[in-house]
There are 2 protein chains.
Amino acid sequence: MDTRAAIIHIGDTLLRERGYNAFSFTDISRELDIKNASVHYHFPTKASLGVAIISEYEKAFEDLRKESAGAPALAKLRTFLKVYIAARGQNKICLVGSLATDLYTVDEAMQQALGRLVRQILSWLTAILEEGRSEGMFFFSGSARTKALLVITNMMAALQLTRVTGKKDFQEIKGAIIADLIGSGKRIKQKN
Amino acid sequence: MDTRAAIIHIGDTLLRERGYNAFSFTDISRELDIKNASVHYHFPTKASLGVAIISEYEKAFEDLRKESAGAPALAKLRTFLKVYIAARGQNKICLVGSLATDLYTVDEAMQQALGRLVRQILSWLTAILEEGRSEGMFFFSGSARTKALLVITNMMAALQLTRVTGKKDFQEIKGAIIADLIGSGKRIKQKN
DNA sequence: ATTTGTCTACCTACTAATAGGTAGGTATCT
DNA sequence: AGATACCTACCTATTAGTAGGTAGACAAAT
């Protein structure tokens, strides 16, 4: 693995484990057994590393979206949720949650990159939900975008909250989201 | 206002605006026009201030619970949600969300205090939901605790996410939570 | 074939600023 | 006299970041 990619990977890990203001270039350099100046060679500023990490997620989500393009909505949803399940397995929180907390302490370039990422994730999930509803697979009232906001906030904060309450609650939340969407409770569609 | 209370207040603000690792005793001392050593007089360590801030929330939630004790479940729910609405109005995130992000960078005493707070909030909301359901006011499937996890995660992350997507989305989420609970879509209760 | 120059990826050695925290002194009030 | 609430003055560690040097790879020019 090349150093630049390794720096991004370690930076991402530290960011989601400890938060943006709790890791330093020296933390990264120690992990790679190089000097902190060498990390600055690859990323002149911490903000430039931050933007690179966010961009990596934009790529990753774009890939997931393309890969699952032909699949049924439920499979797409599961692909989407796997991102958070994987994070929970490593006791990491989601990038968006981590950076939203520290939002006003980071560079404007990072804030803008984060905005792009959020819009991308939100539009993907909105499309999945809309598609699932028109397929008759998902049941929910209101706009697909609003439902997407609800599902994303559930998953985002589930990663944070269950650090305190325990991993079992994460499963609970994940299960409830899916059950609610596929209407396992045999709901009747409302007027409106 | 006495200095100790003022320190807690400013600390809370900074914590929820910028995150635990992005504020210092000097930030607080500047705001109060005293010296950083004077802040250390009231709180010997940063962790001790952190614990005091968390304890303040335990008290505040306890008070809210008592105050709303006689009210109907929907009124209690609104009282609960007001905490988050107020935060959104000030562009602050929730304490739990902020500290969960930085959880592994803070003192164990703070982690334990946060655990207590989370259990307290969760048990209050669970009781509200359970009560509302047996009153016939709220409709949801599954356990009240699971539903409480869903509502809390929605509100927690809504504060974070809508820093990026805009305040309107916060209203959207809040409205959807209430509509879902009171079953404005005229749902039919499922078997089980 | 060897010299030359350029590029990459590191290095040593440093800076100014800030962090959390401490020792010990002082003014005021009871 | 003793407690309270501040102060000055300091400490050590760490932060993000910089200046300038070097070893090795590679390609073109001699």
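Not measured: the values here are computed from a predicted model. Here is the naming used below: chain letters follow the sequence lines, and residue numbers restart at 1 for every chain.
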Novice: Kindly assign one of parallel, tilted or perpendicular to the pair A:Tyr20 and A:Phe23, based on the angle between their ring planes and the thresholds 30° and 60°.
Specialist: perpendicular
Novice: Could you list all the salt bridge (Lys or Arg N to Asp or Glu O under 4.0 Å) pairs where at least one residue sits in residues 140-168 of chain B, not counting sequence neighbours?
Specialist: A:Asp169-B:Arg145, B:Lys147-B:Asp180
Novice: Does anything in residues 30-42 of chain A reach DNA chain D, meaning a heavy atom under 4.0 Å, and if so which residues?
Specialist: A:Asn36, A:Ala37, A:His40
Novice: Can you list the residues that meet the side chain to side chain donor-acceptor pair (under 3.5 Å) rule with A:Gln120, with sequence neighbours excluded?
Specialist: none
Novice: Begin from the C-alpha positions of B:Glu56 and B:Lys59 and carry the test salt bridge (charged side-chain N to carboxylate O under 4.0 Å, His left out) through to its verdict.
Specialist: CA-CA 5 Å; B:Glu56 209 63 25; B:Lys59 264 184 266 172; 3.6 Å; yes
Novice: Parallel, tilted or perpendicular: which describes the rings of A:Trp124 and A:Phe61, with under 30° parallel and over 60° perpendicular?
Specialist: perpendicular
Novice: Give the first and the last nucleotide of DNA chain C, reading 5' to 3', that has any atom under 4.0 Å from a heavy atom of chain B.
Specialist: C:dA19 to C:dT22
Novice: Looking at every non-hydrogen atom in both residues, tell me the closest pair between B:Ala22 and A:Asn21 and how far apart they are.
Specialist: CB-ND2, 3.5 Å
Novice: In Å and rounded to the nearest 0.5 Å, what is the OG1 to CD1 distance from A:Thr165 to A:Ile173?
Specialist: 7.0 Å
Novice: At less than 4.0 Å, is any side-chain N or O atom of A:Thr26 found next to OP1 or OP2 of D:dT14? Yes or no.
Specialist: no
Novice: Any base atoms under 4.0 Å from B:Phe23, or only sugar-phosphate, or nothing? Heavy atoms, all strands.
Specialist: sugar-phosphate
Novice: Kindly write out the residues that satisfy side-chain contact (heavy atoms from CB on, under 4.5 Å) with A:Ala75, not counting sequence neighbours, or none if the list is empty.
Specialist: A:Ala71, A:Pro72
Novice: In whole Å, what is the span from the CZ atom of A:Phe25 to the C1' atom of D:dG17?
Specialist: 9 Å
Novice: How about CD on A:Glu108, more than 12 heavy atoms from neighbouring residues, nucleotides or ligands closer than 6.0 Å, or not?
Specialist: no
Novice: Mind listing the residues from residues 14-21 of chain A sitting with a heavy atom below 4.0 Å of DNA chain C? Number order is fine.
Specialist: none
Novice: Can you tell me how far NZ of B:Lys35 sits from OG1 of B:Thr26, rounded to the nearest 0.5 angstrom?
Specialist: 10.0 Å
